[in-house]
Amino acid sequence: MSASLPINEWPRAKPEAVDVAIVGAGFGGLCMALQLLAHGERDFVILEKGQEVGGTWRDNQYPGAECDVQSHLYSFSFAAKPDWSRRYAGWEEIQRYILDTTERHGVRPYVRFGQRVVGLQFDEGTGRWQVATASGVAYTARHVVLATGPLHVPHVPDVPGLDRFRGRVFHSACWDKSYDFTGKRVASLGTGGSAIQYCPRIAPQVSRLFVHQRTPAWVIPRDTRCYGDGARRRFARFDARRRLHRARLYWSNESRVWPLFHPGLARVVQRLAAWNIRRAVGDPELARRLTPGYTIGCKRILISSDWYPMFRRSNVELVTEAIREVTATGIVTADGEERAVDCIVFGTGFVVDPRIYMQHFPVRGLPGHELARDWRDGAEAYYGISVAGYPNLHQLVGPNTALGHNSIIFMIEAQVRYVIECMRLLRERGADWLTVQPQAQSEFNARVQAGLRGTVWSSGCRSWYQQTDGRNFTIWPWSTWRYWLETRRVDASRYRFGKATLAAAVLATSLAVSACSTPATPEQQVRAVIASAEDAAERRDHADLMALVSPKFEGAHGEDVREIARVLRGYLLARPSLHLVTHVEQLEFPYADLARVQVAVGTLAGDAGALDVTADTQSVDLELQHEDGEWLVTRASWD
C-alpha cells in the first residue's frame with residue numbers, strides 16, 4: 001500500500017467528534033463561536049489553553065495596559081456596549097466586556113479550558129482533522145479554526161548572563177502582581193507598546209527606572225477623555241446614535257491610512273510628531289535620542305500622553321547603549337557601565353512569525369503537506385484564512401491581515417463571515433472538504449507584496465511586521481473596507497472540493513458486517529430499515545445508525561440497497577467514523593455488492609481481524625481490534 005493512516009497512534013480513549021474545533025478563546029475564537037450560534041450551529045468546541053476566556057486581555061494585565069483603538073470600535077458590531085467609560089479602554093474594562101459577552105450569549109458551555117492544542121493532522125480517509133492536546137484528550141473535527149492570533153507567545157531575548165541574575169525577572173505579558181516596586185531599582189528592556197504604558201505607571205513608585213532602548217518608537221498623544229453619564233445614557237437609549245458614533249470612529253481611522261500608503265504624506269505627519277517630542281521632553285539632546293530615524297508608520301505607531309513627559313523625572317534614565325551582559329546584581333552595557341537593579345521587566349513584545357512560534361506545533365494536511373515545510377520561506381495564506389493543502393483549516397488574523405491604522409475586530413468579523421460561507425458552500429456541494437487552489441494563493445500573495453511596495457512599511461526600517469529576509473508577512477496593505485468587499489463572497493472557482501476516501505468503505509463494511517446475521521427479507525422490511533436509517537440520521541445518532549441490523553442484499557432489492565447506501569452515506573459524509581458497531585460472533589462471509597461498492601471480507605474472529613475493501617476503484621486495507629463489544633479500526637492504508 002502506498003499510503004498509511006496512523007489511526008493506531010490515536011489515544012486509547014475515543015476522541016470527541018465535533019463539526020468545528022476552534023483553537024483559542026480570545027476575540028477571534030469568541031467571534032467564531034458567537035456567529036456559529038447565530039447561524040444555528042451547536043456542534044463545536046473552543047479549545048483554550050488557559051483557564052479563562054480573553055486571550056490577550058486575560059494575559060496582559062500590567063499597569064496602564066490599554067487598547068490603542070477606540071472602545072466603541074474595539075468591540076463586536078453585533079454585541080454592543082453603550083456604556084464604555086473612556087475613549088480608549090483599559091484591559092480591565094475590555095476583559096469585563098469579553099466575560100459579559102461570553103455569558104450573555106451562552107458561549108461558556110462550549111469552551112474546554114486547559115486544552116492546549118499541540119498538533120493537527122488531516123485524515124483524508126475520513127475528511128476530518130485529528131486534534132491532539134497536551135492533556136491527552138483528543139478531538140476530531142470537520143473544520144478547525146485557528147484563532148490563536150499572532151500576539152500570544154512572549155518574546156524574551158537571549159541576554160547573556162540572565163540566568164545568574166538574583167533579582168526578579170518577568171515579561172509584561174506575565175506581570176507579577178505580587179511584586180512591590182516601591183523603592184526598587186528597575187530596568188525595563190524595550191520601548192514598544194507595552195513599555196510605553198507600564199513605565200509611566202511604575203516610575204513614581206521606584207527609586208530608579210532605567211529604560212533600555214534599542215530603537216525609539218514614534219509615540220503620539222492619546223485621547224484620554226471619558227464618556228460622561230449623559231453620553232452613556234444616550235448611547236444606551238438611542239442605538240442609532242451609538243452606531244453613528246462607531247461609524248465616525250471607523251472612517252476617521254480609515255482616513256489615517258493614506259499617509260501610510262504615501263511616505264511623502266507620512267513625513268508631514270512626522271514633523272508634527274517630532275515637534276511633540278521636543279515639546280514634551282524639554283531637553284534637546286534627550287529629544288534627539290528619543291526621535292526615530294525612520295519614516296513614521298514603518299513600525300507600529302504608539303499612543304501615549306505620559307511616555308515623553310516621564311523622562312522629565314529625575315529618577316528615570318534613558319539607556320541607549322547595547323546590553324553586554326547581566327550580572328547577579330545588575331546590567332552591564334557596551335560602554336562598560338554597570339547599573340545595579342532589583343528587577344528586570346521585559347517589554348519586548350511577542351514572537352509574531354508563525355514559523356517560529358509554531359515550530360513545535362505540527363500541522364499536517366493532505367499528503368505531502370506539512371505547514372512547517374510549506375512555510376519554510378515565509379508564511380502566506382489566501383486572504384489570511386485558507387492555506388493550500390490544508391482542507392477545512394481556517395485562520396483568523398492569518399498572514400497579511402494585521403493592521404496599522406484600524407480595529408482588528410473589523411477584520412476578524414469579515415474573516416468569520418468568510419469561514420461561515422465556506423461551511424455553507426461545502427454543505428451545498430455535498431463535499432467533505434475544500435482547500436484553496438495553490439495558484440489562487442500564489443496570485444493573491446503576489447498582489448499583496450506588490451501592494452506593499454512604495455508604502456511606509458517598505459521604507460527601509462526593520463519591524464516585527466517582517467521576517468528576517470525583510471518580507472512583510474503581517475500587514476494588510478490596503479483599506480479595511482476593501483478587505484470587507486473582497487471577502488463578502490467565497491469564489492468557489494478558487495477552491496478544490498473533495499470527499500473522504502474511506503467514507504464509502506466504512507459504509508460498505510458496516511452494512512456487510514450487520515448483514516451477516518439476518519436472512520433475506522421482503523421488500524417491506526427493507527423499507528423499514530431505510531426508515532430506521534433515516535430516523536437515526538435525522539437524530540444524528542451514530543450508535544443507532546451503525547448498529548442497524550440490515551438484511552442480506554440480493555439482486556431483487558438492488559434499488560433498495562442503493563437507497564439505503566444513499567441515506568447512510570449521506571450521514572457518514574456529515575460525520576464519518578471508523579468504528580464498526582456489532583455484537584455478532586460469527587463474521588465469516590464471502591462477498592456483497594452494494595451499489596458499486598464491493599467488499600471482500602476475511603475472517604473476523606477472536607480479538608483481531610482484517611478487511612480488504614474496494615470502493616470506487618480504490619483498495620483499502622483495514623485492521624481491526626475487538627474491544628468492549630465493538631470492532632475498532634486500528635489501522636487503515638490504501639492505494
Side-chain angles (χ1 to χ4, degrees), residues 56-57 60-75 80-98 172 175 181 188 190-206 209 211 216-236 241-242 244-256 259 269-270 272-282 287 290-292 296-297 299-313 316 347 403-409:
T56 295
W57 299 104
N60 288 266
Q61 301 185 3
Y62 56 81
E66 296 176 332
C67 187
D68 58 2
V69 174
Q70 301 93 332
S71 306
H72 278 275
L73 198 56
Y74 196 77
S75 50
K81 176 178 166 60
D83 61 344
W84 287 106
S85 64
R86 289 184 284 165
R87 295 298 201 273
Y88 292 86
W91 74 265
E92 302 98 331
E93 192 169 11
I94 296 173
Q95 178 65 358
R96 174 47 54 192
Y97 167 77
I98 292 172
S172 61
W175 194 266
F181 284 91
S188 173
T191 53
S194 302
I196 69 158
Q197 294 181 334
Y198 68 72
C199 282
R201 294 298 183 92
I202 66 174
Q205 305 173 40
V206 303
L209 176 61
V211 179
W218 286 108
V219 183
I220 62 176
R222 172 184 291 270
D223 183 351
T224 58
R225 290 177 296 171
C226 296
Y227 289 106
D229 292 340
R232 283 180 280 176
R233 284 195 299 269
R234 287 189 292 272
F235 284 147
R241 189 186 187 104
R242 179 197 61 79
L244 183 62
H245 180 63
R246 178 184 171 98
R248 183 182 66 79
L249 294 174
Y250 171 79
W251 288 109
S252 174
N253 288 354
E254 280 298 285
S255 68
R256 299 173 188 173
V269 178
Q270 182 174 311
L272 293 173
W275 170 83
N276 178 64
I277 297 175
R278 295 191 298 271
R279 177 193 62 81
V281 173
L290 286 167
T291 301
I296 190 170
K299 293 175 182 279
R300 181 183 174 191
I301 300 174
L302 309 178
I303 59 172
S304 171
S305 298
D306 303 323
W307 174 247
Y308 294 131
M310 177 190 69
F311 289 99
R312 290 177 176 266
R313 299 183 61 91
V316 176
L403 302 176
H405 69 287
N406 216 328
S407 174
I408 194 62
I409 295 179

Non-neighbouring partners of Trp57 that pass side chain to side chain donor-acceptor pair (under 3.5 Å), sequence neighbours left out: Tyr74
Minimum side-chain heavy-atom gap Val219-Tyr308 below 4.5 Å: yes
Nearest-0.5 Å distance that lies between atom CG in Leu272 and atom CD1 in Ile296: 9.0 Å
Pair Asp68 + Arg222: basic N to acidic O under 4.0 Å: no
Side-chain touch Arg246/Ser75, heavy atoms, less than 4.5 angstrom: yes
Qualifying residues under side chain to side chain donor-acceptor pair (under 3.5 Å), relative to Arg241, sequence neighbours excluded: none
OG1 on Thr56 to CD1 on Ile98, rounded to 0.5 Å: 8.5 Å
Pairing residues for Ser252 by the side chain to side chain contact (heavy atoms under 4.5 Å, CB included) criterion, not counting sequence neighbours: Arg256
Salt bridge (charged side-chain N to carboxylate O under 4.0 Å, His left out) partners of Arg96, counting only residues at least two apart: Asp100
Chi angles and distances behind the side-chain contact (heavy atoms from CB on, under 4.5 Å) call for Ile94, Cys67: CA-CA 8 Å; Ile94 296 173; Cys67 187; 3.6 Å; yes
Gln70-Asn253 side chain donor-acceptor pair, cut-off 3.5 Å: yes
Pairs where residues 84-94 contributes a residue and the test side chain to side chain donor-acceptor pair (under 3.5 Å) is met, not counting sequence neighbours: Glu66-Arg86, Ser85-Glu93
CZ-CZ distance between Arg232 and Arg242, expressed to the nearest 0.5 angstrom: 15.5 Å
All side chain to side chain contact (heavy atoms under 4.5 Å, CB included) counterparts of Thr291, not counting sequence neighbours: Trp218, Ile277
Partner set under side chain to side chain contact (heavy atoms under 4.5 Å, CB included) for Ser194, not counting sequence neighbours: Tyr62, Ser172, Tyr198
Arg279: partners by side chain to side chain contact (heavy atoms under 4.5 Å, CB included), with sequence neighbours left out: Trp275, Asn276
Closest approach of Cys199 to Leu209 (non-hydrogen atoms, all atoms of both residues): O-CD2, 3.9 Å
Value rounded to 0.5 Å, distance of OG in Ser304 from CG in Leu302: 8.5 Å
Contacts of Arg201 that satisfy side chain to side chain donor-acceptor pair (under 3.5 Å) - sequence neighbours left out: none
Atom pair CD1/OG1 of Ile196 and Thr191 - distance to nearest 0.5 Å: 9.0 Å
Residues in side chain to side chain donor-acceptor pair (under 3.5 Å) contact with Glu254, at least two apart in sequence or another chain: His405, Asn406, Thr480
Gap between atom CG of Leu249 and atom CG of Leu73 - 0.5 Å precision: 6.0 Å
Ring centroid separation Tyr227 to His245 under 6.0 Å: yes
